[in-house]
Amino acid sequence: MSFDADLLVAGGGPAGLATALLARRAGMSVAVVEPRADPIDKACGEGLMPGGLARLLALGVDPAGVPLHGIAYRAGRRCAHARFAAGPGRGVRRTTLQAALHERAAQAGIAWVTGRVAGLRQDAHGVEAAGVRARWLVGADGLHSRVRREAGIASAAGAPARFGQRRHHPVAPWSDLVEVWWSPHAEAYVTPVAPGLVGVAILHRRSGLGYETLLDGFPELRQRLGDAPAGPVRGAGPLRRTVAARVRGRVLLVGDAAGYEDALTGEGVSLALNQAEAAVSALVSGDLAGYETQWRRRTRTYRLLTRALVLATSARPVRGAVVPLCVAVPPLFRGAVNVLAG
């Protein structure tokens with residue numbers, strides 16, 4: 001039986017390209033199918049945690065950016081900060097990260113197919129989609145994954161419904177930390193991504209509100225950003241997505257397609273790279289069912305801590321106590337930051 005590739009990856013973002021690169025390193029032939037033109041952009045906090053950066057470097061991907069040495073929580077005049085114990089992370093524009101991954105994929109001999117996954121079919125030997133016949137298919141096509149739907153894997157938006165918006169502001173970074181500004185209704189993530197540029201990602205529950213209205217909830221931050229013309233706004237959501245399974249026959253899900261809690265802890269890219277490792281390991285061993293167990297193990301800390309924090313901060317009294325508590329108990333904040341940074 002002939003195949004066009006050992007592995008077809010649906011989705012040319014970080015999750016998909018990391019999976020493709022790891023599969024090539026394992027000796028597989030790989031094709032990536034993606035409908036969007038490169039470099040692909042999306043709403044993203046754009047902060048790489050130290051663990052995620054280390055995984056990228058191990059793949060031979062070294063995107064330009066700004067070193068990040070920790071995380072700060074701010075609310076009014078209160079500020080708690082924790083520095084990364086394992087070395088710096090990096091603030092990287094999403095398009096810069098995407099371009100670096102795409103270049104590395106081309107160097108590795110990964111085929112690129114412009115198109116969409118449609119009419120997915122699979123049998124005991126392989127999978128066919130987008131005109132490509134492969135032994136396996138990895139769906140890394142995001143929160144609203146078409147692969148997931150066509151594979152018959154149930155999913156649903158979870159509660160509470162939260163949304164994200166991101167914009168770049170042409171101002172010099174004033175900190176080497178990711179600053180998370182807290183208001184009664186939203187969090188604003190300020191990430192240095194270039195010497196004269198910061199990205200601001202706002203997470204919130206108020207669907208329909210524009211970026212400028214949300215930014216008004218952070219008057220001190222707005223003053224720091226000034227009045228220079230900012231870049232376009234990109235949005236995403238609802239963020240929480242529950243998924244019934246990560247494996248269906250010869251189809252595996254990786255990244256946001258596999259299920260997502262919230263962007264609150266900033267681990268999206270690191271999680272995707274971690275899952276890519278587990279998925280390729282399952283393909284190499286032939287234990288596809290084992291990927292479900294590995295996915296649960298590798299995402300457990302993120303799922304438990306993020307879910308607990310999102311639910312707790314849904315109540316205004318608890319939300320208002322987050323930053324004061326982090327200021328009052330620095331070891332607690334440092335511990336949580338460094339657990340999530342690995």
Side-chain angles (χ1 to χ4, degrees), residues 14-15 42-52 55 68 70-75 80 82 84 86 89 142-145 155-166 177-183 185-191 201-205 236-244 246 253-276 278 292 294-316 318-323 325-326 329 332-342:
K42 66 170 283 189
C44 175
E46 300 184 314
L48 294 173
M49 297 296 101
R55 284 185 163 92
L68 299 175
I71 295 177
Y73 273 15
R74 302 181 64 98
F84 297 136
L143 277 176
H144 310 291
S145 169
S155 72
R162 301 226 310 158
F163 304 84
Q165 297 185 46
R166 185 216 66 201
L177 310 177
V178 175
E179 291 190 344
V180 185
W181 295 62
W182 289 73
S183 81
H185 306 293
E187 307 96 56
Y189 291 68
V190 183
T191 306
I202 302 179
L203 300 180
H204 60 98
R205 293 182 61 181
L239 297 178
R240 186 164 191 255
R241 174 64 55 172
T242 60
V243 176
R246 262 51 56 178
L253 301 177
V254 168
D256 294 355
Y260 194 68
E261 282 294 336
D262 196 89
L264 183 62
T265 51
E267 296 177 89
V269 173
S270 296
L271 282 166
L273 298 175
N274 198 335
Q275 292 170 42
E292 181 72 38
Q294 281 296 310
W295 184 90
R296 292 184 178 279
R297 183 182 68 79
R298 292 179 183 230
T299 64
R300 182 177 295 117
T301 299
Y302 154 77
R303 288 185 287 111
L304 293 176
L305 288 181
T306 304
R307 183 69 176 150
L309 190 54
V310 168
L311 289 176
T313 56
S314 295
R316 182 172 291 192
V318 176
R319 183 176 185 81
V322 169
V323 177
L325 176 62
C326 293
V329 192
L332 176 67
F333 187 51
R334 284 197 303 270
V337 165
N338 281 291
V339 165
L340 295 170

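Along the sequence shown, residues are numbered consecutively beginning with 1.
Residues Leu177 and Ala72 approach most closely at CD1-CB, 3.9 Å, considering heavy atoms. Residues Leu311 and Pro160 share a closest heavy-atom pair of CD2-CD, 4.0 Å. Of all the heavy atoms in Val310 and Thr313, the pair that sits closest is O-OG1, 3.3 Å. Minimum interatomic distance between Val254 and Ala272 (heavy atoms only, all atoms of both residues): CG1-O, 4.0 Å. Shown here for Ala257 and Val243, the closest heavy-atom pair between the two residues is O-CG2, 3.8 Å. Across all non-hydrogen atoms, the minimal contact from Cys44 to Ala201 is O-CB, 4.4 Å.
For Arg166, the side chain to side chain donor-acceptor pair (under 3.5 Å) test picks out Asp41, Glu46, with sequence neighbours left out. Every ring pair (Phe, Tyr, Trp, His ring centres under 6.0 Å) that Phe333 has, sequence neighbours left out, goes to Tyr73. For Arg334, there are no salt bridge (charged side-chain N to carboxylate O under 4.0 Å, His left out) partners two or more places apart in sequence or in a different chain. Considering only residues two or more places apart in sequence or on other chains, Leu325 meets the side-chain contact (heavy atoms from CB on, under 4.5 Å) condition with Val329, Leu332. Partners of Arg307 by salt bridge (charged side-chain N to carboxylate O under 4.0 Å, His left out), not counting sequence neighbours: none found. Taking the side-chain contact (heavy atoms from CB on, under 4.5 Å) definition, one finds that Thr265 meets it with Glu267, Tyr302, Thr306, Leu340, sequence neighbours left out. Checked against side-chain contact (heavy atoms from CB on, under 4.5 Å), Ala258 has the following partners two or more places apart in sequence or in another chain: Arg246, Leu253, Gln275, Trp295. For Ser155, the side chain to side chain donor-acceptor pair (under 3.5 Å) test picks out Arg148, Arg241, with sequence neighbours left out. Shown here are the side chain to side chain donor-acceptor pair (under 3.5 Å) partners of Ser145, two or more places apart in sequence or in another chain: Asp141. When the salt bridge (charged side-chain N to carboxylate O under 4.0 Å, His left out) test is applied to Arg298, the partners found at least two apart in sequence or on another chain are Glu277. Legend: residues meeting salt bridge (charged side-chain N to carboxylate O under 4.0 Å, His left out) with Arg74, ordered by chain and number and at least two apart, are Glu179. Residues passing the side chain to side chain donor-acceptor pair (under 3.5 Å) test with Glu187 are Arg162, Arg319, sequence neighbours excluded.
The CZ atom of Phe84 lies 7.5 Å from the CG atom of Asn338; values are rounded to the nearest 0.5 Å. Between Arg55 atom CZ and Leu48 atom CG the span is 12.5 Å, to the nearest 0.5 Å. Residue Gln294 holds its CD atom at 10.5 Å from OG1 of Thr299, rounded to the nearest 0.5 Å. Rounding to the nearest 0.5 angstrom, the gap separating the CG atom in Asp256 from the CD atom in Glu261 is 12.0 Å. The CD1 atom of Ile71 sits 9.0 Å away from atom OG1 of Thr191, with the distance rounded to the nearest 0.5 Å. Note: Arg205 CZ to Leu239 CG = 12.0 Å, rounded to the nearest 0.5 Å.
Contact check for Pro50 versus Leu68: no side-chain heavy atoms found under the 4.5 Å cut-off.
With Tyr260 contributing its side chain and Gly255 its backbone, the two residues share no donor-acceptor pair below 3.5 Å.
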